[in-house]
Amino acid sequence: MGTPILPVLGQRSSTDTSDKFASDVIRKLDQAMAERRIWNLHGLVVVQNDNLIVERYFEGQDHERGVGDIGTVKFDANTIHDLRSCSKSIVALLYGIALQFGKVPAPEVSLISAFPEYDLANEQRSPITIHHALSMTMGTDWDETSLPYEDTRNSEIAMDSAPDRYRYILERPAIDTPGMHWTYCGGATALLARLISKGSGKSPHEFAREFLFEPLGMGPTKWATTQDGEPIAASGARMSVRDLAKIGTLMLHGGRHDDRQIVPAEWIRRCTTPTVSCDELRRYGYQWFLLDVSFGKPKGWAVGRLERMCMAQGEGGQRLYIIPALQLVIALTSGNYGTDDQGVPPTRILREVVLASIS
């Protein structure tokens, strides 16, 4: 567990209600960390009603995508951090921006027809649309969940090793009807990012800086690339946890920031509309997880208050939780890479620390 650093609270709300909320969150967080129920937390930002409620930073071991172990880092408000697969959710927002500019094909367009340079049209692949890539329901053979990322048979690793990653993704054999089932697929995100680059003439990071990150007033960001210079679209974004929270507030406002519509409101709706079930709890929109969370004291057979939440999720414990009914954003970064229990600390922060402090 890292060593706490003095919180950087910026312009935090100072109403009695928000002060109590903040003090309860901090007290529960400190207790859970002291009891080692939460470990390797690097940063936490909680925003409600556009007000910064809590901002805490810690010290701990970290890794950088494409680099490896970067040693012990003393995190603060300006430290950029791997988002890992939270990057996928950001790519979805970028696709919506590019679509607004007419730079990428609409979701209803055939995926294969968007890549004519590969000449891969056939009866199996032709029904696959960009909508299926956005919702990870392409129905092609892809496995990056049953095998560790250190295994060369993992589809993501095989993609990274392929002479042409986009051909590798597009040539995966069809094993299911498109749209029927969800399969976690970083290759789908890579195709979306490639279409953004083809249409805009910019790398995903360049496009993001110009049309998303800078309009949101973000600080420094990075996006990792492979050794041959290809963007690691599905897991390469790096930014501060404070800037990750800005993505959450943008979502809460339907893609609007101040007086500017950055992402079309209709696209935000499509990203957060359930398309397919991932498992018994989670559903999936366009590169965003969607689920219901319960909190508060149960009454009779009821589970307490139940609200819709959308979530960006990254390996190692990176999370962005957005609960519209509460106007609540929780952004956190962690260092639990490659562990079987890496999802436990973020879930406890959500349920036992933040939601448990909602009065």
Side-chain angles (χ1 to χ4, degrees), residues 65-66 82-99 103-105 107 109 111-112 114-115 128-145 149 154-162 164-172 178-179 182-200 202-208 212 221-226 229-239 244 247 263 267 270-272 275-276 278 282 284-290 310-316 318-320:
R65 187 75 165 89
D82 271 17
L83 301 187
R84 298 297 170 102
S85 287
C86 293
S87 308
K88 295 176 171 69
S89 302
I90 293 174
V91 169
L93 300 182
L94 297 178
Y95 199 91
I97 296 170
L99 181 62
K103 301 296 185 182
V104 293
V109 170
L111 181 66
I112 295 300
F115 291 90
I128 303 173
T129 65
I130 292 166
H131 162 84
H132 296 131
L134 285 158
S135 58
M136 293 193 183
T137 58
M138 294 191 296
T140 53
D141 186 20
W142 192 272
D143 181 6
E144 63 174 286
T145 54
Y149 286 110
N154 182 296
S155 296
E156 176 110 348
I157 303 306
M159 173 187 71
D160 288 343
S161 304
D164 184 329
R165 61 179 44 227
Y166 307 110
R167 178 178 290 278
Y168 175 85
I169 304 162
L170 292 166
E171 285 185 340
R172 293 305 87 208
W182 181 81
T183 300
Y184 191 65
C185 180
T189 314
L191 293 177
L192 298 171
R194 178 59 180 161
L195 289 174
I196 293 169
S197 293
K198 285 174 59 177
S200 69
K202 302 175 185 291
S203 72
H205 189 224
E206 290 170 337
F207 189 85
L212 180 61
T221 56
K222 291 176 64 176
W223 209 305
T225 60
T226 62
E230 288 293 334
I232 305 176
S235 58
R238 285 175 60 81
M239 65 180 61
L244 179 59
I247 298 289
V263 182
W267 189 256
R270 294 190 76 161
C271 287
T272 57
T275 296
V276 64
C278 307
R282 300 176 303 166
Y284 208 63
Y286 279 179
Q287 308 279 299
W288 285 84
F289 288 100
L290 310 165
C310 59
M311 174 179 70
Q313 174 177 311
E315 202 270 337
Q318 325 318 319
R319 295 291 189 276
L320 176 60

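The closest donor-acceptor contact from the side chain of Gln318 to the backbone of Glu315 lies under 3.5 Å. With hydrogens and angles disregarded, a donor-acceptor distance shorter than 3.5 Å links the side chain of Arg172 to the backbone of Tyr168. Between the side chain of Trp288 and the main chain of Ala312, no donor-acceptor pair closer than 3.5 Å is present. Asp160 contributes no side-chain N or O that, together with a main-chain N or O of Ala162, makes up a donor-acceptor pair within less than 3.5 Å. In this structure a side-chain-to-backbone donor-acceptor pair under 3.5 Å is present from Asn154 to Glu156. A donor-acceptor contact shorter than 3.5 Å links the side chain of Ser161 to the backbone of Ile157.
Atom CG of Leu94 is separated from atom CG of Leu212 by 5.5 Å, given to the nearest 0.5 angstrom. Note that the OG atom of Ser155 and the OH atom of Tyr149 stand 9.5 Å from one another [nearest 0.5 Å]. For the atom pair NZ (Lys103) and OH (Tyr95), the distance works out to 13.5 Å, reported to the nearest 0.5 Å. Atom CZ of residue Arg84 and atom CZ of residue Arg65 lie 6.5 Å apart, to the nearest 0.5 angstrom. Taken from OG1 in Thr145 to CG in Asp143, the straight-line distance is 5.0 Å, to the nearest 0.5 Å. For the atom pair NZ (Lys198) and CZ (Phe115), the distance works out to 5.0 Å, reported to the nearest 0.5 Å.
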* Asked: How far apart are the C-alpha atoms of Ile130 and Leu111, what are their side-chain angles, what is the distance that settles it, and do they pass the side chain to side chain contact (heavy atoms under 4.5 Å, CB included) test?
  -> CA-CA 5 Å; Ile130 292 166; Leu111 181 66; 4.0 Å; yes
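A pairwise comparison of heavy atoms in Met159 and Ile169 identifies SD-CD1, 3.5 Å as the closest pair. Closest non-hydrogen pair, Tyr284 versus Ser135, comes out as CD2-O, 3.4 Å. When all heavy atoms of Pro178 and Ile128 are compared, the closest pair comes out as CG-CG1, 3.8 Å. Of all the heavy atoms in Gly314 and Cys86, the pair that sits closest is N-SG, 3.6 Å. Minimum heavy-atom separation, Tyr184 to Ser85: OH-OG, 2.8 Å. Summarising the geometry of Tyr166 relative to Pro231, their closest heavy-atom pair is OH-CD, 4.3 Å, with the distance given to 0.1 Å.
When the salt bridge (Lys or Arg N to Asp or Glu O under 4.0 Å) test is applied to Arg319, no partner is found at least two apart in sequence or on another chain. By the salt bridge (Lys or Arg N to Asp or Glu O under 4.0 Å) test, Glu206 pairs with no residue at all, sequence neighbours left out.
Under the 4.5 Å side-chain criterion, counting only non-hydrogen atoms from C-beta, Thr183 is not in contact with Met136. The closest side-chain heavy-atom distance from Thr226 to Arg165 is below 4.5 Å. In this structure, Leu99 and Pro107 have side chains that are in contact, with non-hydrogen atoms separated by less than 4.5 Å.
Aromatic ring orientation, Trp182 versus Phe289: perpendicular (interplanar angle above 60°, classes split at 30° and 60°).
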Donor-acceptor contacts under 3.5 Å from residues 185-197 side chains, at least two apart:
{"unit_1": "Thr189", "atom_1": "OG1", "unit_2": "Gln287", "atom_2": "OE1", "d": "2.7"}
{"unit_1": "Ser197", "atom_1": "OG", "unit_2": "Ala193", "atom_2": "O", "d": "3.4"}
{"unit_1": "Ser197", "atom_1": "OG", "unit_2": "Lys202", "atom_2": "O", "d": "3.0"}

